[in-house]
2 protein chains.
Amino acid sequence: MLSRRYGERVARQDPFIPRSTDPRVQRSRAAVIATALELLTERGIAATTIEAVSERSGVARTTIYRQWPGQAELVLDAFAAVLRPPADPDTGTLRDDLVELTTGLARALSTGPAAGLMLALMDAAEREPSYAALHRREAELRHAVILDVITRGIRRGELPAGTDPAEVLDLIAGPIFHRRTVSQGTVDPAFAARVVDRVLLAYRHP
Amino acid sequence: MLSRRYGERVARQDPFIPRSTDPRVQRSRAAVIATALELLTERGIAATTIEAVSERSGVARTTIYRQWPGQAELVLDAFAAVLRPPADPDTGTLRDDLVELTTGLARALSTGPAAGLMLALMDAAEREPSYAALHRREAELRHAVILDVITRGIRRGELPAGTDPAEVLDLIAGPIFHRRTVSQGTVDPAFAARVVDRVLLAYRHP
DNA sequence: GCGTAACGCTACGCGAGTGTAGCGAAAACT
DNA sequence: AGTTTTCGCTACACTCGCGTAGCGTTACGC
């Protein structure tokens, strides 16, 4: 299972390919993905077997095999179904944009469906190339929004010219992740705002 | 395997219990733990089976079962064997203490034996109580050193009175973790120093 | 309405890993 | 030197999940 090699199907399943408008297909597909996400959250990647998904979802095992080559492809599809980049808030000020995005990240990591999934994906990405690719793609999409916001802030003069947007990103998103996954503290909007304000303060005085 | 319940043996294996001075026991124990760590790094927790450890280490499967009840206990012992808290650098200044600790963290996450293990432990901690306990204990030991350093800095007046040490910790350690695991950038001493200086700057002006 | 496609179900062989038992050989303690 | 402990090995029964094949039934599309 873990030594499976990932074929071309994984490579080209970018968002994902419906390929069939038959409501029966879409129904079973949706049920399978939803159940897979449940199992991923509750028990992790390794325990999210086709067997287990079939049993809980009520969709026959053979039906699942008709739509996915194997466990890895199904899990990747499930991940892809929840990892959505945030919208650009564009409030007008860098501070409010960042607070908005950071609050969203904090919420996603605490209560959202992706809460328990992020670490599973990150861990899998350490070893399995296809998970690494998905993780990279997801991070890039999410970061693109944040980097845009920061770059806009620099252009407006809310951050000094020459500021490295990627560094600001790490300084802001990092503490949220860290508090959630290592310090095990609460990551609420107040904490998110505190982080943003503190980091912006660090750039105010050269 | 993943649904195993963890008995009392896990609970009381705090550092770990030699319980035997027989060199044969210690030899096989060491070989097994070393191999388990290799497999954990290369393939993750789920693939680190007793079977696989036995095959690679050359230690018979039955011998492993004589010393550990099952896979979970062995993996926990292996984790516990590498997670060591850093020493207090105590250079005299907060800045240098933090740079030292942060550089050490960056190195540990990039090149050390714990590099590929941290995420595996964090992910497992999301679902399995015994892994969560180990992760918490490890984080507490590591954080205790950092919090000491920060508190000392506050007492010396290098940070404003009333500063929350835990917040400073998240602000400094967070970006290191984030850059390593999400942004996928390089976490070298230069980056570590940049983070420390930037965060300290944020507290210089109230 | 009629043909087709997807469904659920059963069945089968297979591999991997688990956990236990018994045995002779070798190494360690005393 | 003699006893005890640990070791490696073989064997066994068992579970879980994989992946495929065939078949009757149901629900869709035209």
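Any value given below was found using the heavy atoms of this structure, including those in side chains, with hydrogens, waters and symmetry copies removed. Bear in mind the structure is a predicted one, so any value in this text is a computation, not a measurement. To find a chain, count down the sequence lines: A is the first, B the second, and so on, and within it residues start at 1.
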Checklist entry - So A:R61 and A:E51, salt bridge (Lys or Arg N to Asp or Glu O under 4.0 Å) or not? Walk me through it. => result CA-CA 7 Å; A:R61 208 157 56 85; A:E51 183 83 23; 3.7 Å; yes
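A donor N or O paired with an acceptor N or O is not found under 3.5 Å between the base of C:dA28 and the side-chain atoms of B:R24. A:T49 contributes no side-chain N or O that forms a donor-acceptor pair with the base of D:dC16 under 3.5 Å. The base of D:dT6 is not paired with the side chain of B:R66 by any donor and acceptor separated by under 3.5 Å. A donor and an acceptor atom sit less than 3.5 Å apart, one in the side chain of A:R61 and one in the base of D:dG19.
In this structure, CG of A:L39 is placed 11 Å from P of D:dG17, rounded to the nearest angstrom. When the C1' atom of C:dG19 is taken as reference, atom OH of B:Y65 falls 6 Å away, rounded to whole Å. For B:E55 and D:dT10, the CD to P distance is 14 Å, given to the nearest whole Å. The distance from atom CH2 of A:W68 to atom C1' of D:dG17 is 18 Å, rounded to the nearest whole Å. Atom CD of A:Q71 and atom P of C:dA16 are 17 Å apart (whole Å). Rounded to whole Å, atom P of C:dG17 lies 16 Å from atom CD1 of B:I45. Regarding A:L74, its CG atom lies at a distance of 14 Å from the P atom of D:dG17, rounded to whole Å.
Distances shorter than 4.0 Å separate some side-chain N or O of A:T63 from OP1 or OP2 on C:dG8. For D:dT6, neither phosphate oxygen OP1 nor OP2 lies less than 4.0 angstrom from any side-chain nitrogen or oxygen of B:Q67. A sub-4.0 Å separation between OP1 or OP2 of C:dA6 and a side-chain N or O of A:Q26 is absent. Contact check, B:T62 against D:dC7: no side-chain N or O comes under 4.0 Å of OP1 or OP2. An OP1 or OP2 oxygen of D:dA27 is reached within less than 4.0 angstrom by no side-chain nitrogen or oxygen of A:R27.
Of the two residues contacting DNA chain C, namely B:D22 and B:E51, the nearest-nucleotide position lying further toward the 5' end is that of B:E51.
Counting all heavy atoms, side chain and backbone alike, B:T163 lies closest to B:V168 at CG2-CG2, 3.6 Å.
Between A:R136 and A:E140 there is no salt bridge, since no side-chain nitrogen of the basic residue lies less than 4.0 Å from a carboxylate oxygen of the acidic one. Ionic pairing of A:R198 and B:E167 is present here: one or more N-O contacts between side-chain nitrogen and carboxylate oxygen are shorter than 4.0 angstrom.
Of the inter-residue distances, the one linking A:R95 atom CZ with A:E100 atom CD reads 10.5 Å to the nearest 0.5 angstrom.
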